A.B. asks: 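I have a structure I would like to understand better, so I am pasting it below and will then ask my questions one at a time.
Below, chain A is the first sequence line, B the second, and so on; all start at residue 1. As the structure is a prediction and not an experimental result, all values here were calculated from the model.
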Amino acid sequence: MPEPVPPALEAAEPILEVEGLSVSFRARGREVPAVASFSCSVRPGEVVGLVGESGCGKSTVASAILRDLGPAGRVVGGTVRFRGRDLATLSPAELRRLRGGGIAMIPQEPTAALNPALTVGRQLMEVPMLHGGASGAEAWARALEMARDVRLPDPERVLRSYPHQLSGGQRQRIVIAMALMARPALLILDEPTSALDVTVAAAVVQLLRELGRRQGTAMLFISHDLGLVLETCDRVCVMYAGEAVETGPTAEVFARTRHPYTRALLRSLPRIGPEADSLLVNGLDGVPPPPGERPRGCGFAPRCAHVAPGRCDGGAVPMLRVGPGPHAARCLRHGEIDWDAPPPRAGRRVPVKPGPVVLRVEGLSKSYAVAGRRVVRANESVSFEVREGETLAVVGESGCGKSTLARVLIGLETASAGRVTLLGQEVQDRPVRARDPRTVAAVQMVFQDPTDTLNPSRTVGRQILRALEAFRVGRSRAERRGRMLGLLDRVELPRALAERLPRQLSGGQRQRVGIARALAGGARIVLADEPVSALDVSVQAAVLRLLLEIQGSERTTLLLISHDLSVVRALSDRVLVMYLGHVVEIGTADQVFAPPYHPYTEALLAAVPVADPRVRKRRVILDGDVPSALDPPSGCPFRTRCRWKDAVPGDLCAREIPPLRALAPGHRVRCHLPDEALAGMEPVFEAVPG
Amino acid sequence: MLRLLLRRLGVLLGAAVALTFVVFWLTNLPPNLERIARSEAGTRISEAEVAGWLERNGYGRPLLVRYGEWLGVLPGWVGMDGDGNPRGRCLRAGDGAGRDAGPESGPESGPESGPESGPEPAEAPARCGLLQGDWGWSRVFQAEVRDVVARGLGHTAKLMAWVLVVMVPSALLLGVLAGMREGSGLDRALSGVAVLTAATPEYVSGVVLVAVFASSATGLRWFNGSATSAMEDATLANFTLPVLTIALYGMGYVARMTRAAMAEVMTAPYIRAARLKGLSFRQVVLRHALRNALIAPFTVVMLQIPWLLNGVVIVETLFNYKGFGWTLVEAAGNNDIDLLLGVSVVSVVVVLLTQMASDLGYALLNPRIRLGRG
């Protein structure tokens with residue numbers, strides 16, 4: 001029988017010590033436990049990750065540390081010590097000094113965390129004026145300095161702006177600056193990058209680490225992105241159902257996983273490295289139990305593949321030491337499970353035999369007139385074709401024109417120039433209301449956030465029926481009803497859900513409804529715009545598998561718009577990389593994900609956080625934002641951020657837009673780099689030997 | 001910003017024309033005109049005589065033409081009366097015929113504005129409508145409509161100013177206090193007060209206030225039950241009750257709106273961020289919540305103003321305060337078309353102006369709109 005971890009094993013005095021923290025919320029007259037005897041500690045300068053699916057209590061821990069649980073929440077047990085002081089004993093004035101001064105928080109949504117009615121400068125100045133007693137002028141100087149530290153371009157102008165005038169990345173930097181203004185000893189980050197592009201997120205994370213190291217700030221890093229945690233954190237704490245289930249040094253936990261939940265989470269992630277699968281493993285079925293309905297004993301037992309009835313559901317499972325170092329897991333069977341067993345490989349997807357061309361885009365351009373004269377070019381002579389049954393992924397940072405492309409294809413916008421041939425019909429100048437119902441039904445869209453695209457006051461079944469009516473499917477109500485139930489079966493939802501309202505469904509279920517609705521008219525082409533980025537890792541895998549299955553059986557063409565390159569790697573046959581409205585690279589997934597790359601593709605790949613300690617990634621940080629489409633650079637659109645541009649002789653990059661040149665059959669790259677330079681490119685991902 | 005202003009002004013003008021036309025049409029329906037003819041020329045005249053009278057007095061022409069005349073964009077009608085004297089809209093000689101019919105004799109009209117002293121036909125302007133400043137002649141008050149309306153408006157402006165002075169700060173305070181801690185005891189108590197006052201119409205609260213504070217029923221007699229003397233000299237004694245009656249009603253509504261806005265803002269992530277910066281509750285409310293929470297109530301306050309004009313009608317009648325609402329009641333009760341039209345014009349303009357002020361104020365308070373499209 002292994003012994004529990006002794007509480008104080010660490011050498012340095014922790015700055016934050018959470019011991020046996022339990023938090024409950026009052027809901028409908030009863031106490032619902034959200035966090036149960038949670039313990040962790042953070043030492044000065046250390047970055048500790050807190051990971052888990054949504055609803056497992058990560059954010060509640062953060063709120064409890066800051067004593068900001070709201071009127072319904074209450075700490076019912078345990079202590080939180082900051083610099084040795086029990087935070088429960090603080091007076092209101094001391095608590096205020098602690099917040100912002102001692103512990104600062106970077107919240108999830110940077111847009112919502114800034115007051116829309118105050119300039120960001122005012123909001124930054126407030127912190128030193130409050131905690132350091134600075135005068136207005138001093139505070140302004142400090143704010144300016146901080147804005148430079150977080151590398152905001154033109155800081156004076158930024159400080160005079162209102163939040164809505166800044167880009168998402170800039171707002172996130174302001175929020176970081178605000179948290180660091182009073183030089184806190186501990187920074188709590190609640191999903192700090194989940195609203196950002198991968199490239200921006202990578203830059204923000206690097207910035208945070210740098211600033212943290214320089215100021216000696218300890219960090220508690222809350223995230224559901226395991227790759228980011230592996231790249232950022234010294235130690236990690238995996239949470240499930242309100243409890244810590246595995247803790248230890250990050251590399252050790254990822255390499256020698258000792259809890260079935262952690263392993264299942266890791267296995268749900270699509271791989272992007274050398275061992276990429278092109279199918280998805282479903283590591284984790286079901287959803288976490290809602291607070292209040294958590295099982296006795298091991299919280300993970302109902303979803304665990306290794307559950308031993310009678311033992312795992314017997315009583316509370318203690319945290320057990322599982323390694324030589326401070327690695328612990330809450331699993332009774334950690335000594336019995338074969339941790340080295342190879343994961344069930346999904347294998348590679350059988351390449352689809354491409355059918356006839358269903359969509360051909362030739363020289364498509366879309367520009368908007370802004371403020372009368374100025375023109376924004378969202379798409380510039382985009383050309384490609386997609387065949388039946390194929391998956392084409394469109395990737396790029398926000399603002400690269402991928403959403404505009406989708407809007408033109410589906411008919412929400414019309415093209416400014418060029419030709420779009422959809423199932424043999426030219427539709428470039430035909431908006432959706434001018435298309436006949438058959439064409440409309442043939443091209444459908446699955447949206448990013450199913451919560452926003454389902455009518456909250458209509459039942460799910462009614463909404464699917466409405467789509468069937470709009471597509472003129474079925475001759476009678478009864479027939480349509482039958483179809484609707486069939487669609488629910490198709491997306492693997494119980495038929496009983498037809499009578500439910502969207503809010504009564506989970507996120508994954510709602511996205512399945514979105515898919516069912518898109519398929520209602522027998523769609524030939526499905527445009528999926530970030531179909532899983534709003535979902536938890538475990539749910540993502542299941543939804544993606546469903547999309548693949550439907551595609552396989554009905555030979556639907558899938559146009560996948562995504563910034564998640566791991567998902568793209570797993571799902572797509574071919575990949576189209578866009579930058580500032582231009583196609584910069586197109587090819588099969590294998591071609592695009594291996595060198596030679598377009599320099600932009602290389603940077604995008606390098607920004608992807610990889611949750612696999614056996615994969616070594618080359619670091620290429622893409623600086624700055626995408627240039628404004630109002631004022632694009634001359635010549636190659638990417639040259640302002642390109643790290644390869646010195647390899648091109650002369651000022652060719654600044655003078656001419658490179659042509660799309662073929663490197664291999666089906667692989668084309670828009671770059672001036674000479675062949676030798678392209679051939680010499682190293683892969684971004686490499687397997688660590690051993 | 002300027003373009004927004006101009007566009008709003010354009011909309012306002014269009015709406016004003018449309019609304020005054022509707023009022024003009026309704027007040028000029030045939031039965032109304034017949035009543036005027038009978039009250040002016042004698043109740044026992046025959047149908048034919050009515051038609052003749054209407055014809056002689058310029059009522060015989062098409063509605064649109066008369067609306068144009070009234071507006072002052074078309075030349076006023078010109079004709080002859082039975083004695084061969086020239087008559088016309090801009091001469092206004094024949095109007096004196098039934099001038100004593102009005103039940104109330106308004107304050108003395110000035111020598112220039114009297115009907116007898118109309119200009120000679122030769123000197124008379126061609127157009128004399130709203131745009132020329134000629135609003136017509138009030139039969140009830142025997143005075144220029146313009147003067148009657150202006151006088152009433154002056155009195156009402158005084159009343160409304162005090163109403164706003166009492167209502168807005170107390171409503172905002174009530175709403176902010178209630179909304180800053182949603183669900184607290186303070187919130188429940190204040191919300192209860194707000195609901196009670198919002199649910200009590202002026203004709204109830206006015207009567208109750210008079211009964212409690214100005215009658216022998218309770219013996220308090222702190223205030224006057226009549227506000228007639230307040231027209232010249234408003235004091236606490238004669239003006240408190242009418243002001244309070246209107247203010248209470250509007251206050252409850254605005255306070256509820258403020259509370260809702262405040263409660264919503266207090267749950268916003270940026271309020272949490274401000275709290276976690278270490279700001280005290282007071283600083284959070286004053287610096288971060290207040291401005292965002294006042295955007296919605298500001299609009300409501302502005303939209304309340306025309307709504308309060310309703311209350312003015314009741315309260316002015318109740319307290320015998322000869323303002324705008326009282327004038328409206330008199331004009332409507334006595335079929336005084338010109339006066340009714342004048343009152344309507346002013347109401348329309350007040351409603352539209354407050355709407356515009358509310359839109360502009362919203363833009364000023366909300367930087368996203370101000371700096372956005374402009």
A.B. asks: More than 12 non-hydrogen atoms from neighbouring residues, nucleotides or ligands closer than 6.0 Å to CH2 on B/W162, yes or no?
C.D. replies: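 No, the 6.0 Å shell around CH2 holds no more than 12 heavy atoms from other groups.
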A.B. asks: Within residues 248-284 of chain B, which residues come under 4.5 Å of chain A, heavy atom to heavy atom?
C.D. replies: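 Near chain A, by residue number: B/P269, B/Y270, B/R272, B/A273, B/R275, B/L276, B/K277, B/G278, B/L279, B/S280, B/Q283.
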A.B. asks: Can you name the closest pair of heavy atoms from A/R171 and A/P163 and give their distance?
C.D. replies: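 A/R171 and A/P163 have their closest heavy atoms at NH1-O, 3.0 Å.
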A.B. asks: Is it the backbone or the side chain of A/L130 that comes under 4.5 Å from a heavy atom of chain B, or both, or neither?
C.D. replies: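 For A/L130, side-chain heavy atoms alone lie under 4.5 Å from chain B.
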A.B. asks: Report, by ascending residue number, the residues of residues 175-183 of chain B in heavy-atom contact with chain A at a distance under 4.5 Å; give 'none' if the set is empty.
C.D. replies: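 Under the 4.5 Å heavy-atom cut-off, nothing qualifies.
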A.B. asks: Please name the pair of heavy atoms, one in A/Y162 and one in A/P116, separated by the smallest distance, quoted to 0.1 Å.
C.D. replies: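 Heavy atoms of A/Y162 and A/P116 come nearest at CD2-O, 3.7 Å.
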A.B. asks: Which bit of A/S63 is near chain B, if near means a heavy-atom gap under 4.5 Å: side chain, backbone, both or neither?
C.D. replies: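 Both parts, backbone and side chain.
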A.B. asks: Specify which of A/G100, A/A112, A/A104 makes the most heavy-atom pairs with chain B at under 4.5 Å.
C.D. replies: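 Option with the top pair count is A/A112.
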A.B. asks: For side chain to side chain contact (heavy atoms under 4.5 Å, CB included), just list the numbers for A/R74 and A/L69, CA-CA rounded to whole Å, side-chain angles, deciding distance to a tenth of an Å, and then say yes or no.
C.D. replies: CA-CA 7 Å; A/R74 202 156 62 83; A/L69 285 164; 5.8 Å; no
A.B. asks: Sequence neighbours left out, what passes side chain to side chain contact (heavy atoms under 4.5 Å, CB included) with B/A15? Give chain and number order.
C.D. replies: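 Scan of B/A15 (side chain to side chain contact (heavy atoms under 4.5 Å, CB included), adjacent residues dropped) gives B/L352.
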A.B. asks: Yes or no on side chain to side chain contact (heavy atoms under 4.5 Å, CB included) for B/V351 and B/L19, after CA distance, side-chain angles and deciding distance?
C.D. replies: CA-CA 11 Å; B/V351 170; B/L19 285 171; over 6 Å; no
A.B. asks: If the test is side chain to side chain contact (heavy atoms under 4.5 Å, CB included), which one of A/I188, A/I65, A/L16 qualifies with A/V42?
C.D. replies: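 When A/I188, A/I65, A/L16 are each tested with A/V42, the side chain to side chain contact (heavy atoms under 4.5 Å, CB included) holds only for A/L16.
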A.B. asks: For residues A/G102 and A/F82, report the shortest heavy-atom separation together with the two atoms involved.
C.D. replies: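 Result for this residue pair: O-CZ, 3.6 Å.
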A.B. asks: For A/I106 and A/Q172: C-alpha separation, side-chain torsions, deciding distance, then whether side chain to side chain contact (heavy atoms under 4.5 Å, CB included) applies.
C.D. replies: CA-CA 9 Å; A/I106 297 181; A/Q172 183 66 68; 3.6 Å; yes
A.B. asks: Going by an N to O cut-off under 4.0 Å, is there a salt bridge joining A/R160 and A/E156?
C.D. replies: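 Answer for the salt bridge query: yes.
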A.B. asks: Does any backbone or side-chain atom of A/M178 lie under 4.5 Å from a heavy atom of chain B? Answer side chain, backbone, both or neither.
C.D. replies: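 It is the side chain, since no backbone atom gets that close.
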A.B. asks: Evaluate the criterion side chain to side chain contact (heavy atoms under 4.5 Å, CB included) for residue pair B/F324 and B/L159; output intermediate values, then yes/no.
C.D. replies: CA-CA 10 Å; B/F324 189 68; B/L159 179 61; over 6 Å; no
A.B. asks: Heavy-atom pairs under 4.5 Å with chain B are the metric here; pick the option from A/Q123, A/R97, A/R122 that has the most.
C.D. replies: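 Maximum pair count with chain B is reached by A/Q123.
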A.B. asks: Mind checking what makes ring pair (Phe, Tyr, Trp, His ring centres under 6.0 Å) contact with B/H288, not counting sequence neighbours?
C.D. replies: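 B/H288: no ring pair (Phe, Tyr, Trp, His ring centres under 6.0 Å) contacts found.
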